[in-house]
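Have a look at the structure below, then the notes.
Both counts, for ligands and for their atoms, begin at 1 and track the order of listing. Just so you know, these numbers use all the heavy atoms, side chains as well, and skip hydrogens, waters and symmetry mates.
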Amino acid sequence: MQIAVRQLSKRFGSFQAVDGVSFEIGEGKLVGLLGPSGGGKTTILRMLAGLEEPDSGELFFGDRKVNRLSPQEREIGFVFQHYALFQHMTVYENIAFGLQTKMKQLPDAIRRNGKAYIDQRVNELLALIGLSDLAARFPHQLSGGQKQRVAFARALAPEPKLLLLDEPFAAMDAKVRRELRGWLREMIDRLGITTIFVTHDQEEAVEVADEMLILQQGRLEQQGSPVDMYTKPRTPFVAGFIGESIRVEGLSRWKGFEETPPDAEAFVRPEWIEIGTAKEVPLKSAARLGVVENCLFRGSQWLIEAKVDDTKLFAYRPVELGPLQPNTAVFVLLHRAYAFRGQESFPLENTLKNDPQPVHI
Ligand SMILES: Nc1ncnc2c1ncn2[C@@H]1O[C@H](COP(=O)(O)OP(=O)(O)OP(=O)(O)O)[C@@H](O)[C@H]1O
């Protein structure tokens with residue numbers, strides 16, 4: 001089901017928690033809602049679910065305006081951070097519980113055959129979550145990851161049109177989290193159900209989401225694919241929030257970036273920076289001299305912190321090149337940068353890169 005949100009706003013007292021947010025989500029998309037704490041993510045999810053009433057704005061599920069519909073009428077599946085399973089019910093019973101409301105809406109012919117219908121649907125879902133063998137277990141006999149899969153199955157049981165997930169993996173350890181992410185992606189692809197999930201974890205969103213919505217202080221900063229967010233951030237906030245970035249004051253003083261407007265806010269990503277000795281950096285004419293401040297071992301690479309005049313930068317260096325000692329003089333080359341001025345954002349390339357002048361050391 002397609003979702004459209006138009007100019008959604010919500011205040012709590014004098015505090016504007018959601019401020020004129022608009023977005024559209026295509027059918028079957030997995031969309032990550034992310035941003036710093038207090039940004040309004042949960043409030044938006046709750047308004048979509050019908051658990052919170054917007055002050056203004058419109059919510060459309062397909063062609064239907066749902067503002068006035070109750071949560072039950074909206075046909076939504078919900079999964080929260082904490083499993084919220086019924087402890088006194090087995091896995092089978094927990095999933096079957098999700099079907100109770102649905103049963104009331106079914107035609108009489110199917111309802112009369114209720115037990116068989118429930119049995120078939122629960123078994124389908126148990127197979128989907130890969131837990132058919134554990135149907136008779138109680139929640140306390142399951143691992144965290146297994147419990148969360150049951151919570152998913154229960155939410156999916158009544159065949160909702162929209163799945164809302166509020167930090168569903170936040171309580172898991174890193175390994176289980178990674179497994180569940182892959183599993184979620186696969187499941188959404190298979191079922192084709194439109195899904196919105198709230199997360200704090202940008203890595204999680206980048207890895208699984210078709211699209212991300214970045215919220216800050218109740219406003220939508222940007223909507224786009226993870227690749228778009230990374231390569232074409234529309235605001236300095238997004239540039240800093242997705243991936244690693246380094247602000248560079250006075251980018252126009254850097255060789256190859258002289259044309260940058262002096263009042264623009266500029267940043268580079270560590271992978272756009274080359275830091276090396278005279279031998280290692282061939283394009284010396286496009287580089288500036290700097291000094292190594294720190295060199296840290298990061299397993300597959302070295303993290304090099306260096307300073308050029310007053311600007312601190314960091315970049316990664318292949319581990320096989322060996323470390324660089326503090327106080328080593330180095331060449332620092334910026335391959336690309338990104339700048340923002342007012343509402344404008346523009347990518348920049350080092351203009352000297354294709355026109356290197358020979359330099360004698
Ligand atoms: N019922 C409420 N009454 C008053 N203030 C509220 C209420 N619900 C949320 N808020 C406030 O609205 C703001 C947005 O909250 P929300 O939970 O939507 O943010 P969030 O982005 O989900 O944050 P987090 O990542 O910490 O969960 C917060 O400052 C919060 O304190």
Side-chain angles (χ1 to χ4, degrees), residues 3-25 29-61 66-71 74 76-84 144 148 151-152 155 162-174 176-178 180-181 184 194-224 226 229 233-243:
I3 308 293
V5 168
R6 309 247 162 87
Q7 289 299 324
L8 193 64
S9 291
K10 179 75 189 174
R11 258 172 192 279
F12 294 109
S14 62
F15 183 77
Q16 192 78 45
V18 176
D19 190 3
V21 168
S22 300
F23 58 84
E24 287 184 15
I25 295 176
K29 295 277 189 240
L30 176 55
V31 173
L33 202 55
L34 70 166
S37 189
K41 305 180 292 290
T42 300
T43 307
I44 289 181
L45 215 61
R46 289 174 56 82
M47 288 194 276
L48 283 165
L51 300 171
E52 197 80 70
E53 198 183 334
D55 293 338
S56 58
E58 294 177 312
L59 302 167
F60 287 92
F61 288 4
V66 298
N67 286 55
R68 304 217 166 276
L69 298 187
S70 69
R74 293 189 191 194
I76 283 170
F78 233 124
V79 179
F80 300 98
Q81 175 174 347
H82 296 288
Y83 330 107
Q148 204 57 328
F152 270 96
L162 172 67
L163 193 57
L164 300 176
L165 317 175
D166 197 355
E167 306 234 18
F169 309 139
M172 316 277 152
D173 68 44
V176 177
R177 241 181 127 109
R178 213 164 301 125
L180 279 175
R181 268 184 224 170
L184 173 71
T194 310
T195 303
I196 305 177
F197 72 102
V198 166
T199 178
H200 266 100
D201 182 343
Q202 54 124 324
E203 196 185 304
E204 180 164 290
V206 165
E207 209 176 293
V208 302
D210 294 309
E211 276 191 8
M212 304 196 289
L213 295 163
I214 313 261
L215 285 159
Q216 195 209 184
Q217 295 181 347
R219 287 172 174 270
L220 181 62
E221 290 272 328
Q222 190 169 348
Q223 174 177 14
M229 295 277 178
R234 225 176 301 124
T235 65
F237 176 79
V238 174
F241 193 71
I242 302 295

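Ion pair R219/D19 flagged as a salt bridge, since at least one NZ, NE, NH1 or NH2 atom sits closer than 4.0 Å to an Asp/Glu carboxylate oxygen. Remark: E53 does not engage R68 in a salt bridge, criterion side-chain N to carboxylate O under 4.0 Å.
Crowding of Q202 atom CD: a count of heavy atoms from other residues, nucleotides or ligands under 6.0 Å exceeding 12.
Sorted by first and then second residue, the pairs that involve residues 36-46 and meet salt bridge (Lys or Arg N to Asp or Glu O under 4.0 Å), not counting sequence neighbours, are R46-E52.
Contacts of F169 classified as ring pair (Phe, Tyr, Trp, His ring centres under 6.0 Å), with partners at least two apart in sequence or in another chain: none. Here E167 pairs with Q81, A170, V198, H200 under the side-chain contact (heavy atoms from CB on, under 4.5 Å) rule; sequence neighbours left out.
Contacts of ligand 1 (protein heavy-atom distance under 4.0 Å) are F12, F15, A17, P36, S37, G38, G39, G40, K41, T42, T43, H200.
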